[in-house]
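If you're wondering where the values come from, they're calculated on a predicted model, not measured in any experiment. All residue numbers refer to positions in the sequence shown, counting from 1.
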Amino acid sequence: MTVLGIESTAHTCSVGIVDERAEVLALASDMYRPPKGGIHPREAANHHVDRLPELLDRALNQAGLRPGEIDGISFAQGPGLGPCLRAGATVARALSLAWDRPLFPVNHCVSHIEIARALSGLEDPILLYASGGNTQVIAYARGRYRVLGETIDIGIGNFLDKLWIALGGTFPGGPQIEAEAKRGSTLHPLPYSVHGMDVAFSGLLTATLALAGKGAERPDLAFSVETTAYSMLTEITERALAHRQMTHVVLGGGVACNERLRGMVRTMVEERGGTMFAPPRSLCVDNGAMIAWTGELARRSARPTPVADSAVDPRQRTDKVRAPWREAGLPPRPVPSAP
Ligand code: AMP
Ligand code: MG
């Protein structure tokens, strides 16, 4: 059994193909890079429309499969930018109709946790999802994934990107701040905004830019920002573990590629006797393989969605959709290798 998944929620458009054991048979991705400033939804959508046909060909070639050998089609239904989501959904619907294959729209955030569950073999972990637009702590309870804590203003990645661009850098800021922080040593005090299970970053942005205006060195600013922001994320993840009496944590999202964040969360989780797992970079960032795998879980546990009912939902909340495969107790399947 093979499912083909299409991801197009924001910058990344990607086609992945997986089998019923979560083996990644193909993954072909491309990223829209704004010439300057933030993402323009229509420009990004045009990019995805241009690129998806070739990515589809590449994925089929990589997997060595013909269209007739694909058993299901899935796509990211939300959350995301409307025009970008519609680009991927339109291609998925066209394939479903042309190849006469069932269609499975899936939630983007849930897909991050499902691919991490499959790769790690951890049955019931908490997900710390740290990406450009999303910052959430998510866990499963009674039929759905629930958001236990989240940002109450901007996503951690958007915060890092905005900060870096305001300091004269280019998109994406996160990896460049990571490199700069390695040369920093002075820890400037910055606002630490944890509100119960939630976090906020806009005060941190304002305070960091004020420090820069007073002549603080960029490596020290980067070091201080990473220390503060990643401590906040580690704290709400630990609180979620404690409240829910859970032990294991998986990471997802572009910011979860950060070595400092991985190290801080790993230390916290291991001190509590648990395991932390972060997927390899290609499956931690937005990718079609996680969409395909969640489509495969849906294929095994739910009816396909008629094309007429497959509208995208830019604001789809993690807890709005059911996870019938969890109710059915489908186990995660560890994969031997990832691309
Ligand atoms: P995503 O939204 O999941 O596609 O991830 C994109 C975001 O991840 C952007 O905001 C990047 O700045 C951020 N990012 C990527 N790599 C890193 C890294 N090594 N450290 C921190 N942030 C990163
Ligand atoms: Mg994502």
Side-chain angles (χ1 to χ4, degrees), residues 3-18 26-35 37-63 67 70 72-99 101-112 115 131-134 155 157-158 161 171-172 252-254 282-283 285-295 298 304-318 320-321:
V3 172
L4 182 147
I6 299 179
E7 157 64 32
S8 71
T9 54
H11 293 87
T12 302
C13 58
S14 173
V15 179
I17 303 175
V18 302
L27 181 56
S29 305
D30 197 0
M31 195 183 185
Y32 165 75
R33 289 174 193 276
I39 187 168
H40 187 301
R42 210 176 48 240
E43 298 293 320
N46 288 343
H47 166 271
H48 299 348
V49 169
D50 286 346
R51 300 292 298 126
L52 277 169
E54 192 203 318
L55 295 175
L56 182 62
D57 273 351
R58 245 166 60 196
L60 286 170
N61 280 336
Q62 259 179 40
I70 300 289
I73 309 289
S74 68
F75 68 93
Q77 188 172 31
L81 301 167
C84 296
L85 288 168
R86 279 190 285 278
T90 303
V91 174
R93 287 185 203 114
L95 294 178
S96 164
L97 292 171
W99 296 350
R101 287 296 178 271
L103 186 64
F104 300 98
V106 299
N107 179 275
H108 174 90
C109 311
V110 167
S111 303
H112 276 290
I115 194 72
S131 74
N134 296 291
N158 286 354
D161 296 336
F171 175 87
S282 61
L283 298 174
V285 299
D286 291 349
N287 68 87
M290 69 180 189
I291 303 299
W293 172 239
T294 311
T305 299
V307 165
D309 299 337
S310 68
V312 301
D313 183 355
R315 293 182 182 279
Q316 187 176 72
R317 291 280 296 176
T318 306
K320 190 174 164 192
V321 294

Checking Pro53 now: which residues fulfil side chain to side chain contact (heavy atoms under 4.5 Å, CB included) with it, not counting sequence neighbours?
none

Residues that Arg317 engages under side-chain hydrogen bond (donor to acceptor under 3.5 Å, both in side chains), provided they are two or more places apart:
Glu150

Result block: side-chain N/O donor-acceptor pairs under 3.5 angstrom for residues 83-98, not counting sequence neighbours:
from: Thr90; atom 1: OG1; to: Arg86; atom 2: O; distance (Å): 2.6
from: Arg93; atom 1: NE; to: Ser310; atom 2: OG; distance (Å): 2.7
from: Arg93; atom 1: NH2; to: Ser310; atom 2: O; distance (Å): 2.9
from: Ser96; atom 1: OG; to: Arg101; atom 2: O; distance (Å): 2.7

Enter the distance from Leu81:CG to Thr9:OG1 here, rounded to the nearest 0.5 Å.
7.5 Å

Listed partners of Ser29 passing side-chain hydrogen bond (donor to acceptor under 3.5 Å, both in side chains), at least two apart:
Ser14

Rounded to the nearest 0.5 Å, how far apart are OG1 of Thr318 and CG of Asn107?
5.0 Å

Show the numbers, then the answer: is there a side-chain contact (heavy atoms from CB on, under 4.5 Å) between His108 and Met290?
CA-CA 8 Å; His108 174 90; Met290 69 180 189; 3.5 Å; yes

Would you tell me whether His112 and Asp286 have side-chain atoms, one donor and one acceptor, within less than 3.5 Å of each other?
yes

Keeping His47 on the side-chain end and Glu43 on the backbone end, is there a donor-acceptor pair under 3.5 Å?
no

Apply side-chain hydrogen bond (donor to acceptor under 3.5 Å, both in side chains) to Asn134 and list each qualifying residue two or more places apart in sequence or on a separate chain.
Tyr129

How many angstroms lie between CG in Asp50 and OH in Tyr32, if you round to the nearest 0.5 Å?
12.0 Å

Taking atom CG of Asp161 and atom NE2 of His11, what is their separation to the nearest 0.5 Å?
7.0 Å

Any sub-3.5 Å donor-acceptor pair from Gln62's side-chain atoms to Leu27's backbone N or O?
yes

Taken in chain and number order and not counting sequence neighbours, the residues that satisfy side chain to side chain contact (heavy atoms under 4.5 Å, CB included) with Asp313 are Arg315, Gln316, Lys320

In this structure, which one of Val110, Ile115, Val18 forms a side-chain contact (heavy atoms from CB on, under 4.5 Å) with Thr294?
Val110

Side-chain atoms of residues 54-61: list all donor-acceptor pairs with protein atoms under 3.5 Å, sequence neighbours left out, distances to 0.1 Å.
from: Glu54; atom 1: OE1; to: Arg51; atom 2: NH1; distance (Å): 2.6
from: Asn61; atom 1: ND2; to: Asp57; atom 2: O; distance (Å): 3.4

Do Val15 and Leu52 touch side chain to side chain, with heavy atoms closer than 4.5 Å?
yes

Asn287 side chain to Leu283 main-chain N or O, any donor-acceptor pair under 3.5 Å?
yes

How would you list, by chain and number, every residue that makes a side-chain hydrogen bond (donor to acceptor under 3.5 Å, both in side chains) with Ser74, sequence neighbours excluded?
none

Point-to-point distance, once rounded to the nearest 0.5 Å, from CG of Leu4 to CD1 of Ile17:
4.5 Å

